[in-house]
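For reference, the structure is listed below as structure tokens.
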Amino acid sequence: MDKLLFEKDVPGSNAFTLGLSDVPAHDCAQEMDAALLRQTPLDLPELPEVEAVRHFTALSHRAYGVDDGMYPLGSCTMKYNPKINEWACRLPGFAQIHPDQPAQTVQGALSLMAEMESMLCEIGGMDAFTLQPAAGAQGEMTGMRIIKAYHDHRGDTGRTKVLVPDSAHGTNPATAHVIGFDVVEVKSDADGMVDLHDLAAKMDAQVAGLMLTNPNTLGLFEQNIMEIARIVHQGGGLLYYDGANLNAIMGMARPGDMGFDVVHYNLHKTFATPHGGGGPGSGPVGVKAFLEPFLPKPVLTKADGGYAWDWNRPLSIGKMHAFYGNFSVVVRAYTYLKALGATGVRQACQLAVLNANYLRVLLRDAYDIAYDRICKHEFVCSTTRAMEENGVGATDVCKRLLDYGYHPPTVHFPLIVHQALMIEPTETESKARLDAFVRAMKTIAQESLQTPEQVTTAPHDTVITRVDEVRAARNPVVAAQQTEA
């Protein structure tokens, strides 16, 4: 294990000094109170600049991201982030403004936000959008609060339940529960779709709505989506679209045309803004016209030839985030959309679907494909064959992939597939990259049958080998443990 920065301390090795201040004392606005001055030196390690830089550079090499290689994390859409997006969001006119400035001084930023809302409406088939939610999960909460506010405003307060498919993302039932709804699970049928009979049986006057991802978490398009929408709407409920998998249909199909009333997008998934590491994210929410009054306030409106914020929103669910959302993330996504245009957005979708099906077909002989038919942007395979024969599970395959230089796919999800590996290549990976990934996966499949211990004891080539993940989750060590000198 490498030493901590403090353990590399060499007293006297840092010769850098700030020097004396050249500001005359009488020019200072106020003398510092002596009681506030430090009496002992700050406890910082002493080492030359070159050693400090090398230390943090070495740490950065231990991290893995989309700039390092393929990141096939199913359901997360870890696509490459074009660097022009970073250039755009750092332009002084965007990076150096403050959200408390008067609206007339930031018309450029407001214009960008208005155009972004318009583009998101077009992509999703919605009538109005808010850019305020700071992440997909907060977008979900915003959407479900809007649905609750709609029912409450109509006096339909008996709608206390929300339907969620058994293949849904975990945030769906969690969000519904936090809002105060009772969660009712809807089963999947033999084809991996929403079971229409189970849905119809559970759709009653107590149901506020259905939360649905399309394509679903198995990577399959809900072919009966119009019938699903009919059942929910006929029962007085609303249809909520979890935009986690929008990458698979953007430019090709629109949630609003399928019957969805509320949608949220993940700009950090679908529109190529940075993803992971805790943020920042962005989860804009779109609604049909009849739900527009309930959007979070303020709402961006046209006024006096420009744009202004409308706070007079009596039916609004209120604010969901400080100021107006994560603006720099919106600028990145705006740049991505403007660079691609309508044709590029459609092509990106088509390539994402093509890449996923390419991998699915090439891996079907080495792994069990849960639903082996045309998928969208991702597919789910299983290691049950190796598990039954040699005790090699999905987790073992993921650990072994680290030795081959790949970030593993999503493991053990969705829960309805035993020993699941959910793989999403995204549209930004080349055929050469996909072929190399297939070779690694097939090699691991062979190892699982011929030398299973090589897989069950992986990884072998990483700084830290296999850890006790259960113990780490239950008893996390959050402070550095210094080694002996």
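Predicted, not measured: the structure shown is a model, and the values here were computed from it. All values below were derived from every heavy atom in this structure, side-chain atoms included, with hydrogens, water molecules and symmetry-related copies excluded.
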Inset, instruction - Please step through side-chain contact (heavy atoms from CB on, under 4.5 Å) for the pair Tyr80 and Asp67, ending with a clear verdict. - result: CA-CA 7 Å; Tyr80 175 72; Asp67 289 346; 3.4 Å; yes
Legend entry - Any donor-acceptor N or O pair under 3.5 Å, side chains Glu427, Asn355: no
Inset, instruction - Return yes when atom CD of Gln347 has more than 12 non-hydrogen atoms of other residues, nucleotides or ligands closer than 6.0 Å, and no otherwise. - result: no
Inset, instruction - Would you check if Ile228 and Phe260 make a side-chain contact, meaning some heavy-atom pair closer than 4.5 Å? - result: no
Legend entry - Heavy-atom side-chain contact between Val183 and Val162 under 4.5 Å: no
Legend entry - Donor-acceptor side-chain pairing of Thr384 and Asp368 below 3.5 angstrom: yes
Legend entry - Distance-minimising heavy-atom pair for Thr130 and Glu117: CA-OE2, 4.4 Å
Inset, instruction - Compute whether any side-chain donor of one residue and acceptor of the other, for Asp396 and Thr456, lie under 3.5 angstrom apart. - result: no
Inset, instruction - Write out all pairs satisfying side-chain hydrogen bond (donor to acceptor under 3.5 Å, both in side chains) with one or both partners inside residues 191-202, taking only residues at least two apart or from two chains. - result: Asp198-Lys202
Legend entry - Sidechain N-carboxylate O distance under 4.0 Å for Lys269, Glu424: no
Inset, instruction - Measure across Ser167 and Ile416 and return the closest heavy-atom pair with its distance rounded to 0.1 Å. - result: CB-CD1, 3.9 Å
Legend entry - Carboxylate-amine/guanidinium proximity below 4.0 Å for Arg474 and Asp468: no
Inset, instruction - Measure up the Phe129 and Tyr265 rings against each other and bin them: parallel (under 30°), tilted (30 to 60°), perpendicular (over 60°). - result: tilted
Legend entry - Least distance between heavy atoms, Pro414 atom then Met422 atom: CD-SD, 4.1 Å
Inset, instruction - Evaluate the ring planes of Phe323 and His98, with Trp represented by its six-membered ring, and classify them as parallel (under 30°), tilted (30 to 60°) or perpendicular (over 60°). - result: perpendicular
Inset, instruction - Find the distance between CZ (Arg360) and CD (Glu378) and round it off to the nearest 0.5 Å. - result: 13.0 Å
Legend entry - Sequence neighbours excluded - salt bridge (Lys or Arg N to Asp or Glu O under 4.0 Å) pairs with any residue from residues 332-358: Glu86-Arg332, Glu115-Lys338
Legend entry - For the student: nearest non-hydrogen atoms of Met211 and Ala176, plus distance: SD-CB, 4.2 Å
Legend entry - Sidechain-backbone polar pair: Arg145 side chain, Ile179 backbone, donor-acceptor under 3.5 Å: no
Legend entry - Flag if over 12 foreign heavy atoms under 6.0 Å of CG, Leu449: yes
Listed pairs under 3.5 Å, donor-acceptor, residues 436-445 side chains, sequence neighbours left out:
unit_1 : atom_1 : unit_2 : atom_2 : d
Lys442 : NZ     : Leu362 : O      : 3.3
Thr443 : OG1    : Arg439 : O      : 2.8

Inset, instruction - Could you tell me whether the side chain of Met116 reaches within less than 4.5 Å of the side chain of Leu267, counting heavy atoms only? - result: yes
Inset, instruction - Indicate whether the side chain of Lys79 and that of Asn247 have a donor and an acceptor atom separated by less than 3.5 Å. - result: yes
Inset, instruction - Provide the closest heavy-atom pair for Pro408 versus Leu402 in the form atom of the first, atom of the second, distance. - result: CD-CD2, 3.7 Å
Legend entry - Polar side-chain atom of Thr335 near backbone of Asn85 as donor-acceptor pair, under 3.5 Å: no
Legend entry - Worked verdict on Asn326 versus Thr273 for side-chain contact (heavy atoms from CB on, under 4.5 Å): CA-CA 11 Å; Asn326 286 330; Thr273 71; over 6 Å; no
Legend entry - Heavy-atom closest contact (Cys381 atom, Ile369 atom, distance): CB-CD1, 3.8 Å
Inset, instruction - Keeping the roles fixed (side chain from Asn214, backbone from Phe221), state whether a donor-acceptor pair exists under 3.5 Å. - result: no
Legend entry - Any donor-acceptor N or O pair under 3.5 Å, side chains Thr77, His377: no
Legend entry - Any side-chain heavy-atom pair of Thr428 and Val66 under 4.5 Å: no
Inset, instruction - Count the heavy atoms belonging to other residues, nucleotides or ligands that lie under 6.0 Å from NZ of Lys288, then report whether that count exceeds 12. - result: yes
Legend entry - Spatial distance of atom CG (Asp403) from atom CD (Gln454) [nearest 0.5 Å]: 8.5 Å
Legend entry - Intermediate values then yes/no, side chain to side chain donor-acceptor pair (under 3.5 Å), Thr395 and His412: CA-CA 8 Å; Thr395 297; His412 294 302; 3.0 Å; yes
Inset, instruction - Using a strict 4.0 Å threshold on nitrogen-to-oxygen distance, state whether Glu447 and Arg400 make a salt bridge. - result: yes
